Amino acid sequence: SQQGEEDPQALSIQEGENATMNCSYKTSINNLQWYRQNSGRGLVHLILIRSNEREKHSGRLRVTLDTSKKSSSLLITASRAADTASYFCATGPRNDYKLSFGAGTTVTVRA
Amino acid sequence: DGGITQSPKYLFRKEGQNVTLSCEQNLNHDAMYWYRQDPGQGLRLIYYSQIVNDFQKGDIAEGYSVSREKKESFPLTVTSAQKNPTAFYLCASRPWGGENTEAFFGQGTRLTVV
């Protein structure tokens with residue numbers, strides 16, 4: 001079974017709006033990572049947040065992590081048409097290189 | 001250029017045949033992974049390897065086999081035992097340095113079994 005589960009499954013927003021998606025996971029983690037996938041391509045790493053961090057920023061991306069609730073959120077501010085993609089969270093158990101992905105959130109940004 | 005290369009990009013095979021997907025990286029990464037992605041779905045882990053000559057089963061290893069004879073190579077064989085092999089296959093690698101490292105992905109191989 002997948003370690004991380006994203007919510008919502010799909011999101012459609014207007015250019016300039018913010019997009020928020022959530023990820024829940026099941027077991028203790030070292031870190032949580034977010035990736036982006038354009039249709040039919042490989043994944044690209046966006047941001048990594050460690051288990052002892054609560055919030056992290058990178059450009060227009062903001063990630064939060066709540067280990068007590070086993071959940072994370074990814075916020076994309078001032079969205080652009082080029083942000084249209086699928087976004088996945090990934091987690092791995094402590095002391096292991098295993099890396100498991102959720103089902104993803106498909107984001108469509110309308111011009 | 002450093003990177004991770006999957007080949008071929010598209011692969012067609014007849015039902016009942018084994019097929020091997022190639023994954024090569026020149027990033028000097030220790031860990032390598034294989035994932036399967038079905039249309040509109042997330043990534044499911046097939047196998048992963050942390051070092052040469054060692055690998056672990058992921059969540060959906062049945063019907064697949066791998067080898068890790070060289071650090072830079074992690075080929076995946078889809079055997080005839082895999083009931084529904086048509087899918088998009090992604091290979092990834094990660095550097096040594098603990099678990100707090102990002103994964104780098106290839107561009108994928110789309111396998112169609114006819």
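As the structure is a prediction and not an experimental result, all values here were calculated from the model. Keep in mind that the numbers below use all heavy atoms, side chains included, and drop hydrogens, waters and symmetry copies. All chains are named by letter (A, B, ...) in the order of the sequence lines, taking the proteins before the strands, and each is independently numbered beginning at 1.
Side-chain contact between A:Asn30 and B:Asn100: present, with at least one pair of heavy atoms (C-beta onward) separated by less than 4.5 Å.
Residues B:Glu102 and A:Leu48 share a closest heavy-atom pair of N-CD1, 4.5 Å. Heavy-atom minimum distance, B:Phe88 versus A:Gln37: CE2-NE2, 4.0 Å. Counting all heavy atoms, side chain and backbone alike, B:Leu90 lies closest to A:Gly42 at CD2-CA, 3.8 Å. Contact between A:Tyr97 and B:Gln50 at its shortest, heavy atoms only, is N-OE1, 3.3 Å.
B:Phe105 CZ to A:His45 NE2: the interatomic distance, rounded to the nearest 0.5 Å, is 10.0 Å.
Listed for the A:Gln33 side chain is a donor-acceptor partner under 3.5 Å among the backbone atoms of B:Thr101.
Residues of residues 6-18 of chain A lying under 4.5 angstrom from chain B, judged on non-hydrogen atoms, do not exist.
Between A:Tyr35 and B:Tyr35, the distance separating the two ring centers is not shorter than 6.0 angstrom.
Following chains of ILVMFWY side-chain contacts shorter than 4.5 Å, one can reach B:Tyr89 starting from B:Val113, so the two form part of one hydrophobic cluster. A chain of hydrophobic side-chain contacts below 4.5 Å, direct or via other Ile, Leu, Val, Met, Phe, Trp or Tyr residues, connects B:Ile60 to B:Leu21. Linking Ile, Leu, Val, Met, Phe, Trp and Tyr whenever their side-chain heavy atoms come within less than 4.5 Å leaves B:Val52 and B:Leu76 in two separate clusters.
Heavy-atom distances place the side chain of B:Gln37, and not its backbone, under 4.5 Å from chain A.
Within a 6.0 Å sphere centred on CZ of A:Arg54, other residues, nucleotides and ligands contribute more than 12 heavy atoms. Summarising the local packing, CD of A:Glu55 is surrounded by more than 12 heavy atoms from other residues, nucleotides or ligands at distances under 6.0 Å. Annotation for A:Arg50: atom CZ does not count as buried by contact number, only 12 or fewer foreign heavy atoms lying within 6.0 Å.
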